[in-house]
There are 2 protein chains.
Amino acid sequence: MVSEVKAQLELFFKNWFNKDRKPRQTGQKGLSIIGQRNRLQYIILGLLNQRSQTGYDLTKAFDHEIGEFWQAQHSQIYPMLKRMETDGEITHQDAVTGEKLAKKVYQLTHKGRQKLEAWISEPSPELTATKDEFILKLYFIRSADDPRIPAMIHEQVTLHQAQLDHLHLRMATVFPDQAAIDAAYGHYLILEHAIERETQYLAWLNRH
Amino acid sequence: MVSEVKAQLELFFKNWFNKDRKPRQTGQKGLSIIGQRNRLQYIILGLLNQRSQTGYDLTKAFDHEIGEFWQAQHSQIYPMLKRMETDGEITHQDAVTGEKLAKKVYQLTHKGRQKLEAWISEPSPELTATKDEFILKLYFIRSADDPRIPAMIHEQVTLHQAQLDHLHLRMATVFPDQAAIDAAYGHYLILEHAIERETQYLAWLNRH
DNA sequence: TTAAAACATGTAAATATTGACATAGTGTAA
DNA sequence: TTACACTATGTCAATATTTACATGTTTTAA
């Protein structure tokens, strides 16, 4: 179903769609450049645009700030930072914590900021699969009387309730007043969205 | 946030968590076996358990049936089928369409069916990131007055409305009566879930 | 009748992502 | 004072996933 909607949307966005992809150059000497979409670089650009920070800080951000919507390990982040610096999108200053714990504080360059803005301004006509393992398992259960269903549902209620509690807590701490919302409106919107999504998920679970 | 909930859940599921992972055997002669989770094999097992089918049929199923929850291209499916057959989880019969269009109809073995049931019976204590590119872009927009927001929202409304229409259509055609629901209860549940999810997403979009 | 879409199966090359390995300094609480 | 959690940065190996390359048959609609 996803591909059908996608095909439909391609009509509207054909100038943007596939925009970033360069053809593979089989049988030629030069290295072929760029295959997949590399969204990670844009997310890093966006995070660094909020404030200069280290690879370690970015790793934590993927865990605590945007883990609902993208995940990345430090083993993916550090090489990406190196590559982005080579490409001139970011630079770093060396800094030290305590006596001698070295760290690299990265920030955007002009080129990086432009790349970020260009990405944000692009259409996003793709529906990505959710990859919810529980949902897939459920899909394969034929009978409403299957004895495994109650425990499976209960496990997910525990999981998603914990997640929802966590999101509520973040909302209360990160956005205590209107000023906080005005200062990071997009962040507020996606947290609100995540809360609504978990609330709906739980309501659906509890109904069954 | 995801990792925190995960850590919390690990207390409850520690016997299952990491269950499938075997340690890498650095510095030893034998090949190290198994790294990532390989959920694709289980999904293929589940699809083949519903009915015997070809790699081509499976590819379409990922597009039309479960594309909301997992995606896979034929270039990933055919090699996986080969591997699963080598592992004794599935077998195939050769068949022909028309005069000479060869195809391979795959079905589960006893071992494959057991593996499928074992997977379904396992806990699913992991929250996976949604990877919604639009949401990420929104996260990086600071101001509620940003001039790009209306067009971005409108684009997503179009996209998700098309998806929701498609899901409604599928619900009406696949589950016209209670008998159809009883015959594929899990399928019914996840379609219901997908519809609710898109409905909520649209309501949120339309509110902003 | 013929062109396009759909059926059908593969491989190759590249990038993406994960998990483990590896090392070292810092802050803190028992 | 010492162990543990956390800060901090990297690499390596394996698997996962995507995109393009490649080929041939069958069905369907203009």
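Every chain is numbered from 1 and lettered A, B, ... according to where its sequence line falls, protein lines coming before strand lines. Predicted model only: the values in this text are computed from it and were never measured.
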Please tell me which of the listed nucleotides, [options], lies nearest to the side chain of [X]?
| X | options | value |
| --- | --- | --- |
| N38(B) | dG10(D), dA16(D), dC7(C) | dA16(D) |
| W70(A) | dT17(D), dT17(C), dA20(C) | dT17(C) |
| H74(B) | dT9(C), dT18(C), dT18(D) | dT9(C) |
| T54(A) | dA8(C), dA14(C), dA8(D) | dA8(D) |
| K103(A) | dA8(D), dT11(C), dT15(C) | dA8(D) |

Check: Q156(B) side chain, S124(A) main-chain N or O, donor-acceptor pair, under 3.5 Å:
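A pair under 3.5 Å: yes.
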
Tell me which of D57(B) and M80(A) sits closer to the 5' end of DNA chain C, going by the nucleotide each one is nearest to.
D57(B)

5'-most contact on DNA chain C: K104(B) or K131(B), nearest heavy atom basis?
K104(B)

[X] [atom1] to [N] [atom2], straight-line distance once rounded to whole Å:
| X | N | atom1 | atom2 | result |
| --- | --- | --- | --- | --- |
| R83(A) | dT11(D) | CZ | P | 15 Å |
| Y56(B) | dA8(C) | OH | P | 7 Å |
| I77(B) | dA8(C) | CD1 | P | 14 Å |
| K60(A) | dA5(D) | NZ | P | 17 Å |
| Q76(B) | dT15(D) | CD | P | 14 Å |
| Y78(A) | dA20(C) | OH | C1' | 16 Å |
| E126(B) | dT18(C) | CD | C1' | 12 Å |
| K82(A) | dT9(D) | NZ | P | 11 Å |

Measure distances between side-chain N and O atoms of Q73(B) and base N and O atoms of dT18(D), and say whether any donor-acceptor pair falls under 3.5 Å.
no

Under 3.5 Å donor-acceptor pairs involving side-chain atoms of residues 187-195 of chain B, not counting sequence neighbours:
residue, atom, partner, partner atom, Å
H187(B), NE2, R170(B), NH2, 3.4
E192(B), OE1, W204(A), NE1, 2.9
E192(B), OE1, H208(A), NE2, 2.7

Are the side chains of L45(B) and E89(B) in contact, using a 4.5 Å heavy-atom criterion?
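Result yes, sub-4.5 Å side-chain heavy-atom pair found.
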
Under a plain distance cut-off of 3.5 Å, with no hydrogens placed, do [Y] and [X] share a side-chain donor-acceptor pair?
| X | Y | value |
| --- | --- | --- |
| Q161(B) | E198(B) | no |
| D146(A) | S143(A) | no |
| K131(B) | Q71(A) | no |

Any residue meeting ring pair (Phe, Tyr, Trp, His ring centres under 6.0 Å) with H92(A), in chain and number order, not counting sequence neighbours:
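In terms of ring pair (Phe, Tyr, Trp, His ring centres under 6.0 Å), with neighbours along the sequence ignored, H92(A) is linked to Y106(A).
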
Tell me, for nucleotides 24-30 of chain C in 5' to 3' order, what letter each nucleotide earns: B for a base near a protein heavy atom under 4.0 Å, S for only sugar-phosphate near one, - for neither?
-SS----

Assign S75(B) to base, sugar-phosphate, or nothing according to its heavy-atom contacts below 4.0 angstrom with the strands shown.
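The answer is base, as S75(B) lies within the cut-off (heavy atoms under 4.0 Å) of a base atom.
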
